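Just so you know, these numbers come straight off a predicted model, no measurement behind them. This chain uses plain numbering: 1 for the first residue, then up along the sequence.
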Amino acid sequence: MAQLDSRLPMGIVITQHMPPRFTRAFADRLHRGSRFRVKEAEDGDYVLAGRALVAPGSGSIALRRDGVSVRVTIDPPDPAVRYCPSVDRMFETASETMNDSVLAVVLTGMGDDGVRGVKKVKARGGRAIAEAAETAVIFGMPQEAIATGAVDEVLPLGKIAEAIERFARRTPGAAP
């Protein structure tokens, strides 16, 4: 986050597998080290350029169209879903809401959360990036995403901000 230009024409939505008490502190820490305004997402927050929303550990972010804007809703945990907050839920609803204006980025983590979502993002014309094994602390999630064949680029962590900026600048209004 620290490397990203806050003037990019996009908002950022982040899902990190963390329990409820930790996600607000995580958002605060990202805010202190970023040029973006970062906060823990609340039901009804708008996705805005220069802002990053972190999924609360108590539920999953879903994106919904509100006229020309995009808002988040916080879905309660689904007993049928292994991960909360869910990366798949975030990616799937983002692709349904914004079609080819979505860039899904899968970073270090355990498990396969994000696999269904990355495939849906790609099917709707969006793009996907996964962190390379050499920089991932835990390569599980990126490896599973790569195995889908839906990932466009596999990059070391230090190159991902540049790829995000390229995407945002070539896609006017990537996220309202």
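Annotation: side chain of I12 is in contact with side chain of M10 (closest heavy-atom distance under 4.5 Å). Residues L4 and E165 form a side-chain contact, since some pair of their non-hydrogen atoms from C-beta on lies under 4.5 Å apart. For the pair P56 and I74, the minimum side-chain heavy-atom distance is below 4.5 Å. In this structure the side chain of V106 never reaches within 4.5 angstrom of the side chain of I129, judged on heavy atoms. Between I61 and I14, every side-chain heavy-atom pair lies at or beyond the 4.5 Å cut-off.
Residues A163 and L155 approach most closely at CB-CD1, 3.6 Å, considering heavy atoms. The minimum heavy-atom distance between V54 and A27, with the atom names listed, is CG2-CB, 3.8 Å. Minimum interatomic distance between A41 and V72 (heavy atoms only, all atoms of both residues): CB-CG2, 4.3 Å. Contact record, P85 with G59: CB-O, 3.1 Å, taken as the closest heavy-atom pair. Of all heavy-atom pairs between V154 and A132, the closest is CG1-CA, 3.7 Å. Scanning all heavy atoms of the two residues, the minimum distance from S95 to V121 falls at CB-CA, 3.8 Å.
Listed by chain and residue number, R7, R169 satisfy the salt bridge (charged side-chain N to carboxylate O under 4.0 Å, His left out) test with D5 (two or more places apart in sequence, or in another chain). Contacts of R82 classified as side-chain contact (heavy atoms from CB on, under 4.5 Å), with partners at least two apart in sequence or in another chain: none. With sequence neighbours excluded, no residue forms a side-chain hydrogen bond (donor to acceptor under 3.5 Å, both in side chains) with S58. Residues passing the side-chain hydrogen bond (donor to acceptor under 3.5 Å, both in side chains) test with T97, sequence neighbours excluded: none. Q16 is linked by a side-chain hydrogen bond (donor to acceptor under 3.5 Å, both in side chains) to nothing, counting only residues two or more places apart in sequence or in another chain. Applying the side-chain hydrogen bond (donor to acceptor under 3.5 Å, both in side chains) test to D43 and every residue at least two apart in sequence or in another chain returns nothing.
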Just list the side-chain donor-acceptor pairs under 3.5 Å for residues 139-150, sequence neighbours left out, or say none.
unit_1, atom_1, unit_2, atom_2, d
T148, OG1, A145, O, 2.6
T148, OG1, A150, N, 3.0

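T135 places a side-chain N or O within donor-acceptor distance of the main-chain N or O of L157, the cut-off being under 3.5 Å. With hydrogens and angles disregarded, a donor-acceptor distance shorter than 3.5 Å links the side chain of T23 to the backbone of G57. The backbone N or O of V87 lies less than 3.5 Å from no partner atom in the side chain of T15, so there is not a single donor-acceptor pair.
Linking ILVMFWY residues whenever their side-chain heavy atoms come closer than 4.5 Å, directly or via other members, places L30 and L8 in the same cluster.
To the nearest 0.5 Å, the span separating OG on S34 from CD on Q3 amounts to 10.5 Å. Annotation: the span from L103 atom CG to M98 atom CE amounts to 10.0 Å, rounded to 0.5 Å.
Applying the salt bridge (Lys or Arg N to Asp or Glu O under 4.0 Å) test to residues at least two apart or on different chains, the pairs with a partner in residues 115-142 are D88-R116, E92-R116, E96-K120, K122-D152, R127-D152, R127-E153. Residue pairs meeting the salt bridge (Lys or Arg N to Asp or Glu O under 4.0 Å) criterion with at least one member in residues 10-28, sequence neighbours excluded: R24-E40. A salt bridge (Lys or Arg N to Asp or Glu O under 4.0 Å) check over residues 44-58, counting only residues at least two apart or in different chains, returns the pairs K39-D45. Residue pairs meeting the ring-ring contact (aromatic ring centres under 6.0 Å, His included) criterion with at least one member in residues 29-83, sequence neighbours excluded, are H17-Y83.
With R89 as reference, D75 is the one residue of D75, D113, D78 to meet the salt bridge (charged side-chain N to carboxylate O under 4.0 Å, His left out) rule.
When hydrophobic residues (I, L, V, M, F, W, Y) are linked wherever their side-chain heavy atoms come within less than 4.5 Å, the members clustered with M110 are V137, I138.
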Subject >> Residues T93, R64; criterion side-chain contact (heavy atoms from CB on, under 4.5 Å); working and verdict >> reply: CA-CA 7 Å; T93 59; R64 306 276 187 249; 3.7 Å; yes
